[in-house]
Amino acid sequence: MNVVIIDDDKFVTSALKAILEASGDVTVPATGTDGREAVKLYEKYTPDILLTDIQMKGTGGLEATAQILKKHPDAKILLLTTFLDDEYIIQALKLGAKGYLLKQDYESILPALEAVYSGQSVFGTEIISKIPGLLNSAKEFDYARYDINEREMKVIELIADGLSNKEIAAKLFLSEGTVRNYLSTILEKLELHNRTQLAIFYYKHKNYL
């Protein structure tokens, strides 16, 4: 089983690589430190599984997951994080990640990789117990209250799907500058700081019922 590991803490990537390769069942052809590297390394190595942290400097794991799954819908991505965060769990589920585990639970990582490799989805015990409440409590968000118009809503949806400004511009027949202006306006209206927060906000408020 080939596994690419992404984490902005090089000690973590080194430790995980050593632990997994010591099992004799896993080969780690490469490691990376952010979501941008995750996308590049996935393209280069096409690993059986991408094991990635969520919160990293620059491009995060969820954004990388969206980009990879958009191009490779069958990609197997296992998210590893220290954060038991409702918003992250909801977005991971929506994006189609194969698993979401807490980083501190090292003993579960290899079994989780084996399960994902065999075609299963894996979520830690703490996370599974939260999922029903999260899905049942998600409500449709009234963007109109924040003066979000139809075109801005489309931009939000495409950002949540992992598209870049260039891709959004091509899809909506706009210039990249116009897309940047839309994004700035949307962030200001929703009082958010960046596109990753916007994507998480979108999935947190999406109606799952």
Side-chain angles (χ1 to χ4, degrees), residues 6-9 12 32-40 42 50-71 77-97 99-103 123 126-127 130-131 133-135 137-169 171-172 174 176-208:
I6 308 294
D7 195 295
D8 59 1
D9 186 334
V12 172
T33 57
D34 64 17
R36 184 173 296 181
E37 279 192 276
V39 174
K40 290 181 179 178
Y42 189 89
L50 176 71
L51 179 63
T52 179
D53 191 12
I54 288 181
Q55 194 171 67
M56 298 178 284
K57 296 177 182 177
T59 304
L62 289 171
E63 189 174 344
T65 297
Q67 292 180 28
I68 292 169
L69 288 174
K70 178 177 178 290
K71 189 172 182 180
I77 301 177
L78 182 59
L79 297 167
L80 189 63
T81 181
T82 56
F83 300 98
L84 188 60
D85 186 288
D86 292 355
E87 295 179 9
Y88 289 160
I89 296 170
I90 288 174
Q91 193 176 1
L93 288 168
K94 182 61 181 177
L95 288 174
Y100 185 118
L101 298 174
L102 295 179
K103 191 180 294 185
F123 291 86
E126 303 94 333
I127 295 163
K130 292 170 70 71
I131 289 173
L134 290 175
L135 299 186
S137 64
K139 302 297 182 183
E140 192 69 42
F141 183 73
D142 185 7
Y143 286 92
R145 288 178 51 202
Y146 290 80
D147 198 29
I148 299 292
N149 61 40
E150 186 176 345
R151 179 51 64 93
E152 289 169 342
M153 194 65 231
K154 186 62 178 175
V155 170
I156 292 172
E157 291 171 352
L158 293 174
I159 287 173
D161 283 341
L163 274 66
S164 66
N165 286 350
K166 183 176 181 180
E167 291 170 323
I168 294 171
K171 198 172 188 68
L172 299 182
L174 301 170
E176 285 189 62
T178 300
V179 173
R180 284 194 295 271
N181 290 339
Y182 271 124
L183 177 56
S184 295
T185 300
I186 291 165
L187 292 176
E188 183 177 351
K189 288 179 178 180
L190 297 177
E191 298 182 353
L192 301 172
H193 300 294
N194 56 53
R195 66 195 301 122
T196 300
Q197 285 187 356
L198 178 59
I200 293 172
F201 182 92
Y202 172 79
Y203 284 114
K204 178 182 178 183
H205 295 92
K206 190 171 177 61
N207 187 4
Y208 286 82

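In this structure, the side chain to side chain contact (heavy atoms under 4.5 Å, CB included) partners of Ala64, at least two apart in sequence or on a different chain, are Ala38, Val39. Checked against side-chain hydrogen bond (donor to acceptor under 3.5 Å, both in side chains), Thr178 has the following partners two or more places apart in sequence or in another chain: Ser175. Legend: residues meeting side chain to side chain contact (heavy atoms under 4.5 Å, CB included) with Arg180, ordered by chain and number and at least two apart, are Asn165, Glu176. In this structure Glu167 satisfies the salt bridge (charged side-chain N to carboxylate O under 4.0 Å, His left out) test with no other residue, sequence neighbours excluded. Applying the salt bridge (charged side-chain N to carboxylate O under 4.0 Å, His left out) test to Lys71 and every residue at least two apart in sequence or in another chain returns Glu43. Looking at residues two or more places apart in sequence or on another chain, you find a side chain to side chain contact (heavy atoms under 4.5 Å, CB included) between Arg36 and Asp34, Lys40, Thr59. Leu190 meets the side chain to side chain contact (heavy atoms under 4.5 Å, CB included) test with Phe141, Tyr143, Tyr146, Ile148, Ile156, Ile186, Leu192, Leu198, Phe201; sequence neighbours excluded.
Between Ala66 and Gly162 the shortest heavy-atom distance is CB-CA, 3.8 Å. Contact between Leu183 and Arg195 at its shortest, heavy atoms only, is CD2-NH1, 3.5 Å.
Considering CD of Glu191 and NE2 of His193, their distance stands at 9.0 Å, rounded to 0.5 Å. The CD atom of Glu37 sits 11.5 Å away from the CG atom of Asp7 when rounded to the nearest 0.5 Å. Expressed to the nearest 0.5 Å, how far CG of Leu79 lies from CD1 of Ile54 amounts to 4.5 Å.
Residues Ile77 and Leu69 are in side-chain contact: their nearest non-hydrogen atoms beyond the backbone lie under 4.5 Å apart. Taking the side chain as every heavy atom from C-beta outward, Leu101 and Leu78 approach each other to under 4.5 Å. Thr52 places none of its side-chain heavy atoms less than 4.5 Å from the side chain of Leu80. When side chains are defined from C-beta on, Ile6 does not count as touching Thr33, because their heavy atoms never get closer than 4.5 Å. At a threshold of 4.5 Å between non-hydrogen side-chain atoms, the residues Leu163 and Lys70 count as touching. Leu172 has its side chain out of reach of Tyr182: every pair of non-hydrogen atoms, C-beta onward, lies at least 4.5 Å apart. Side-chain atoms of Leu50 and Ile68, non-hydrogen and from C-beta on, do get closer than 4.5 Å to each other.
Applying the salt bridge (Lys or Arg N to Asp or Glu O under 4.0 Å) test to pairs two or more places apart or on separate chains, those with a residue in residues 146-166 are Asp147-Lys189, Glu152-Lys189.
Glu188 places no side-chain N or O within donor-acceptor distance of the main-chain N or O of Ser184, the cut-off being under 3.5 Å.
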